Amino acid sequence: MAEVVIVPDRETAGEIAADLVASLIRSRPDAVLGLATGSTPLPVYTALRRRLAGTDVSRVRGFALDEYVGIDLAHPESYRSVITREVVEPLGLTPSLVQVPDGSLEGAGSAGERYEAAIAAAGGVDLQLLGIGSNGHIGFNEPGSSLASRTRMKTLAEQTRRDNARFFPSIDDVPVWCITQGIGTILEARHLVLLAFGESKAAAVAGAVEGPVTASLPGSAIQLHPRTTVLVDEAAASRLRYAEYYRWAFRNKPA
Ligand code: PGA
């Protein structure tokens, strides 16, 4: 079962996740991080700036979960731009060691295979940060995605385009296609850390943690992973059936 930690606010979740990432980097200076975009992981990156001050991060490697297809790389909302702005620059990572799937129209057909090969060559992902979509997606694996899927091109769900329209002038500007690590790819990371905040994520979180494992709710694939940490605020936890048990277990966690 995933370890579910219910926290008062997103800052606390960010601190806990940052502790996990920082202690990984201290024990393994060339750690491989799986990086998420969107609003959810931002408190983690903010907390990491403080945690990693004075730590040599020059050998840390990273792989983003996904990218829009057909977006100009220089567009501020391309995930290449977001990862550079929110992660690589503030944390002082080495830009050439942090990869984002190739979302160019010319490259997208073969980008999945190349990305999988790059992750394998790096020895796999040590710790994968994950958000979850209001429709239950992880990465951009929309409902119906195979639980065994690998990095590939996908069509975004309308719900996802509506959710992400806040980053663009209008919904018509949100790309239609993406390239995303598959669910099978994500499950190979050695530790999954999924964060979710707010009431709009409550149903997806309940389905992911406690629902049946189903491609209809891709986040439920975390139940197949032996080491998952779920960090949620009270609103995102509000539909969890066993919330009291998770609180009890966390309070009584063996040292
Ligand atoms: P959000 O997106 O962090 O912007 O809510 C999460 C996701 O879609 O995975």
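The first residue in the sequence is number 1, and the count goes up from there. Owing to the predicted nature of the structure, the values given are computational and were not obtained by experimental measurement. Each ligand, and each atom within it, is numbered from 1 in the order the structure gives.
- Of the inter-residue distances, the one linking Cys178 atom SG with Glu142 atom CD reads 6.5 Å to the nearest 0.5 angstrom.
- One N or O on the side chain of Asn141 and one on the backbone of Gln181 form a donor-acceptor pair closer than 3.5 Å.
- Here the shortest heavy-atom pairing between Asp163 and Arg166 reads O-NH1, 2.6 Å.
- Contact atoms of ligand 1 toward Gly38: 3 (O), 4 (O) (distance under 4.0 Å to a heavy atom of the residue).
- The nearest heavy-atom contact from the protein to atom 7 (C) of ligand 1 is His137 NE2, 3.4 Å.
- With ring centers used as reference points, Phe168 lies under 6.0 Å from His75.
- Scanning the protein for heavy atoms near atom 6 (C) of ligand 1, the closest one is Ile132 O, 3.7 Å.
- Some N or O of Arg166 is nearer than 3.5 Å to an N or O of ligand 1, by distance alone.
- Taking the six-membered ring for Trp and the full ring otherwise, Tyr79 and Phe140 have centroids separated by under 6.0 Å.
- Of the polar atoms of Asn164, none of the N or O atoms is found under 3.5 Å from an N or O of ligand 1, judged by distance alone.
- Protein heavy atom closest to atom 5 (O) of ligand 1, with residue, atom name and distance, is Lys201 NZ, 2.6 Å.
- In this structure, the protein non-hydrogen atom closest to atom 1 (P) of ligand 1 is Thr40 OG1, 3.5 Å.
- Note on Glu188 versus Arg150: salt bridge recorded, some NZ/NE/NH1/NH2 to OD/OE distance being below 4.0 Å.
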